[in-house]
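Here the structure is laid out as structure tokens; the discussion comes afterwards.
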Amino acid sequence: VLETLSRDHLKEVCRHLGLDDGGREKAVLIGRILGTEPAQQGFGLDRKRPTPEVRPDGPLTDEAAPVDELQPPPPEKLTVEALERYLWSAADILRGSIDSSDYKSYIFGLLFLKRLSDVFEEEAEKLIAEGEPERIAWEEPTEHQFFVPPSARWSKLQKTATNIGEALNKACSAVEEANSWALEGVLAGVDFNDERRLGDGKNRDSVLSRLVQHFSKVSLRNAHLSEPDMLGRAYECLIERFADDAGKKGGEFYTPNKVVELIVELLAPQPGMRISDPTCGSGGMLIQCAKYVQKHGGDPRDLALHGQEKNLGTWGICKMNMLLHGLVDHRIEKGDTIRDPKLRDGGELMLYDRVIANPPFSLDEWGVEVAEADPYGRFRFGTPPKTKGDFAFVQHMLATLNQEGRLGVVMPHGVLFRGSSEGRIRTGLLGEDLFEAVI
């Protein structure tokens, strides 16, 4: 039984029995557990355990220890609440070193690296247990959902004592390069070696070392999580708390949950639909659509979830958020939705069954220069004022709806009564009976 366990599991058994868990060879660890190697002083058990003897017909002898005694206890599952507290406490390490609006980049980046590394190791051990050679399990990218190169594995990062920021940056680049089909650019907005935010080399190493060791205390393997989607849920909670901590800036990447839930309930997305958020921020609205479908008995993987986000750092957070929720098949583009819409097919804007968004309120310099000769014909109801981009986003979204499509959007109340060009746009929308409700 012991020979079928991984080295890490054997170490867990040693710790459970009060034995020294040191040593790289499985045979040494097994001998220590069975009592054929003396236990080291100071670990609570310095007597030898009797060696189990197995009869030819299988049952253990009376003197042998039951097999169950040799199994490690099931690890305590990590709950959402415990993970939320743990992640938020990581911010305490950064307080006083960097601005609160920058916390999220570093904590999300480390969370993502740790999660990828833990799941990679879990998959590798499973492959070995199923009979695959160690070379394939640890070195072949094709056997893993996401391949983590040796330089980016957490065990390597945990042992780094100096130039930690550089090591983390290299780890991010290596992970992106190895999984460019899904992760290209996701971690590019996180600079762990930024002297302006983290200070000189000595201070950077001090802060980052504490962060790495903090994340090392928790396992993010699937087997150690109390529920499948808990990492995504904890991530959302952290986004909300960072939004509160950052004040007004938080609105750039986060919309309150109850607002999102209301709009999704009204839109009632169904399996098989194509859904877009052209100002997606951290992706909460798209994820809520997936949750709605799942809650009503559908498969969220049957949705085509598309989005676009201008802010590079927030775009990366959105990509991470989608992946941590298990929504691998998505399309999140970088860029300015008005000036350069990226969600296109054959040169035309893609059309959607549902569009949901919370665009920036009354955006100045929104791109009025492109409206006069827009190649996509988005502004047929009129050109919004140069300093108020609200109806520019509304018209873009209307232009991306199919014949049966529905749009739910958060707007500042000024769009209901401001006159001039906005009044004319509003009249046109009402004239075509496009409004279902204003809440």
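Numbering of residues begins at 1 and proceeds along the displayed sequence. Heavy-atom basis, side chains included; hydrogens, waters and symmetry copies ignored.
- Residues that satisfy the side-chain contact (heavy atoms from CB on, under 4.5 Å) test with A90, not counting sequence neighbours, are I107, L211, H214, F215.
- Side-chain contact between L401 and R406 is absent, with no heavy-atom pair separated by less than 4.5 Å.
- Between F147 and F120, the two ring planes are perpendicular [angle over 60°; tilted spans 30° to 60°].
- At a threshold of 4.5 Å between non-hydrogen side-chain atoms, the residues L363 and I338 do not count as touching.
- In this structure, K334 and L312 have side chains that are in contact, with non-hydrogen atoms separated by less than 4.5 Å.
- For residues 385-403, every residue pair satisfying the salt bridge (Lys or Arg N to Asp or Glu O under 4.0 Å) rule, not counting sequence neighbours, is listed here: D390-R418.
- Considering only residues two or more places apart in sequence or on other chains, E140 meets the salt bridge (Lys or Arg N to Asp or Glu O under 4.0 Å) condition with R135.
- Residues V409 and P359 have side chains in contact (heavy-atom distance under 4.5 Å, counting atoms from C-beta outward).
- When only modelled atom types and interatomic distance are considered, H306 and R331 share no side-chain donor-acceptor pair under 3.5 Å.
- In this structure, the separation between CG on L407 and CE on M397 is 5.5 Å, given to the nearest 0.5 Å.
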Only distances under 3.5 Å count here; give the side-chain donor-acceptor pairs of residues 261-271 to other protein atoms, sequence neighbours excluded, each with its distance to 0.1 Å.
residue	atom	partner	partner atom	Å
E261	OE1	K258	NZ	3.3
Q270	NE2	A268	O	3.0

Name each donor-acceptor pair under 3.5 Å that joins a side chain in residues 432-439 to protein atoms two or more places apart or in another chain, with its distance.
residue	atom	partner	partner atom	Å
E432	OE1	R380	NH2	3.0
E432	OE2	R380	NH1	2.9

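- In this view, R339 and D336, E369 satisfy the side-chain hydrogen bond (donor to acceptor under 3.5 Å, both in side chains) rule, not counting sequence neighbours.
- Counting non-hydrogen atoms of other residues, nucleotides and ligands closer than 6.0 Å to CD of E134 gives a total of 12 or fewer.
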| field | Verdict with reasoning, S155 to E121, per side-chain contact (heavy atoms from CB on, under 4.5 Å) | value | CA-CA 10 Å; S155 55; E121 290 183 356; 4.1 Å; yes
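- Contact annotation: the side chain of P360 approaches that of F393 to within less than 4.5 Å [non-hydrogen atoms, C-beta and beyond].
- Remark: the backbone N or O of A124 is not paired with any side-chain donor or acceptor of W138 at under 3.5 angstrom.
- Checked against side-chain hydrogen bond (donor to acceptor under 3.5 Å, both in side chains), E125 has the following partners two or more places apart in sequence or in another chain: R221.
- To the nearest 0.5 angstrom, D277 atom CG is 8.0 Å from C318 atom SG.
- No donor-acceptor pair closer than 3.5 Å links the side chain of K156 to the backbone N or O of S151.
- The backbone N or O of A223 sits less than 3.5 Å from a side-chain atom of E122, completing a donor-acceptor pair.
- Residue pairs meeting the ring pair (Phe, Tyr, Trp, His ring centres under 6.0 Å) criterion with at least one partner in residues 258-285, sequence neighbours excluded, are absent.
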| field | Intermediate values then yes/no, side-chain contact (heavy atoms from CB on, under 4.5 Å), R301 and D329 | value | CA-CA 7 Å; R301 292 172 297 182; D329 189 17; over 6 Å; no
| task | Could you give me the CA-CA distance, side-chain angles and deciding distance for N222 and R115, then say whether side-chain contact (heavy atoms from CB on, under 4.5 Å) is met? | result | CA-CA 9 Å; N222 289 322; R115 166 66 170 172; 2.8 Å; yes
| task | Step by step, work out the salt bridge (charged side-chain N to carboxylate O under 4.0 Å, His left out) result for D200 and K202. | result | CA-CA 6 Å; D200 60 24; K202 183 177 180 180; over 6 Å; no
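- Taking 4.5 Å as the limit, some side-chain heavy atom of V212 sits within range of a side-chain heavy atom of W154.
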| Pair D302-V293, side-chain contact (heavy atoms from CB on, under 4.5 Å): steps then yes or no | CA-CA 9 Å; D302 287 343; V293 167; over 6 Å; no
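- Remark: S180 engages no residue in a side-chain hydrogen bond (donor to acceptor under 3.5 Å, both in side chains) (not counting sequence neighbours).
- Every residue meeting the side-chain contact (heavy atoms from CB on, under 4.5 Å) condition with D364, not counting sequence neighbours, appears here in chain and number order: T387.
- In this structure T79 satisfies the side-chain contact (heavy atoms from CB on, under 4.5 Å) test together with E81, A82, S226, sequence neighbours excluded.
- Contacts of N179 classified as side-chain hydrogen bond (donor to acceptor under 3.5 Å, both in side chains), with partners at least two apart in sequence or in another chain: none.
- Other residues, nucleotides and ligands contribute only 12 or fewer heavy atoms inside 6.0 Å of the NZ atom of K170.
- The side-chain heavy atoms of M285 and C280, taken from C-beta on, include no pair separated by under 4.5 Å.
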